[in-house]
S.K.: 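Could you have a look at this structure, given as structure tokens, before my questions?
Counting starts at 1 for both ligands and their atoms, following the listed order. Keep in mind it's a predicted model, so treat the numbers as computed, not measured.
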Amino acid sequence: MVNPVTLSTLRAMPATGEPIAALTAYDYSFAVAVDAAGVDLVLVGDSLAMVMQGHASTVPVTTEEMAYHTRCVARGLTRAYLVADMPFLSDADTQLALANAAVLMKQGGADMVKVEAGAQQASIVAALSQAGVPVCAHFGLRPQRVGQLGGYRVQGRDDRGVAQLLADADALQAAGADLLLVECVSASVSEQIKARIDVPLIGIGAGSDCDGQILVLQDMLGLTPGRAPSFSHDFLQDTHSIASALSAYVRAVKTRQFPGAEHGFH
Ligand code: KIV
């Protein structure tokens, strides 16, 4: 009998020094494989718009599509904690956010929802949290804002940018976020963020000092068409099967071998 990972498990991990190993998954078969490899947290990311549906960004995916994929993944998990992304504008105001979080949790079976948010969206995080919804707040590079950002860029590149990220972290934690996920910042910025928050900090392209790491499944299996992000690593090229690539990723995260300096921004 496996002990399922709960929010309490995840909250306790930073104190024990054991990194949280997280990956995305979008279907039943990969959910089974990722769970068997010992991944602690599985995210049904809105990246599915790109890697499953072939869109150029995460913007087009709908809440109903997210709920469908979340339901498929939920059937494959016995241990890992399940997080589902709130897609673009599904959390544009409090009422929408509550209604769409309900779809992802009740129909999709998600344990938690993830919202892309900064300090300006803290009231949405607070409303979800006050309604009893566990929330992961994703800040730093927010891929849903790629249209506004003009591309996928490292965040916090000057003092003003760093100050904004620190203010985002403070506001999101104060609003009740249970986990923070930071994308595409330097290791020194994620260290500063980590030093001021009590909730676990999961990083993607954010250096090795975070409490956990996440990658997009297709990136870490070398399946992404074109150039994979520089912060990722193709674990399948080092081994002979998907199962061993997934286990190698979990091992590399748990032993802090991944990410290495070559996967970071300076
Ligand atoms: O949608 C997604 O896959 C994500 C990860 C990049 C963290 O948000």
S.K.: Any ion pair linking K114 and D46 (charged N to carboxylate O, less than 4.0 Å)?
M.R.: no
S.K.: Using 0.5 Å steps for rounding, measure from the SG atom of C136 to the CG atom of L181.
M.R.: 5.0 Å
S.K.: Which value, rounded to the nearest 0.5 Å, describes the distance between M220 atom CE and L217 atom CG?
M.R.: 6.5 Å
S.K.: Would you mind checking if E183 and R142 are paired as a salt bridge, meaning a charged N to carboxylate O distance below 4.0 Å?
M.R.: no
S.K.: At less than 4.0 angstrom from any non-hydrogen atom of D85, what atoms of ligand 1 do you find?
M.R.: 1 (O), 2 (C), 8 (O)
S.K.: Can you check salt bridge (Lys or Arg N to Asp or Glu O under 4.0 Å) on R79 and D40, steps first, answer last?
M.R.: CA-CA 7 Å; R79 177 181 171 273; D40 303 304; 2.9 Å; yes
S.K.: Looking at atom 3 (O) of ligand 1, what's its closest protein heavy atom, distance included?
M.R.: S47 OG, 2.5 Å
S.K.: Any idea which atoms of ligand 1 are less than 4.0 Å away from a heavy-atom of H138?
M.R.: 8 (O)
S.K.: N/O of D46 under 3.5 Å from N/O of ligand 1, yes or no?
M.R.: yes
S.K.: In ligand 1, which numbered atoms sit nearer than 4.0 Å to a non-hydrogen atom of G45?
M.R.: 1 (O), 2 (C), 3 (O)
S.K.: Determine, considering heavy atoms only, which of T24, I204, L43 sits nearest to atom 4 (C) of ligand 1.
M.R.: L43
S.K.: Got a second to check how far D178's CG is from L172's CG, nearest 0.5 Å?
M.R.: 11.5 Å
S.K.: Could you tell me whether K114 and ligand 1 have an N or O pair separated by under 3.5 Å?
M.R.: yes
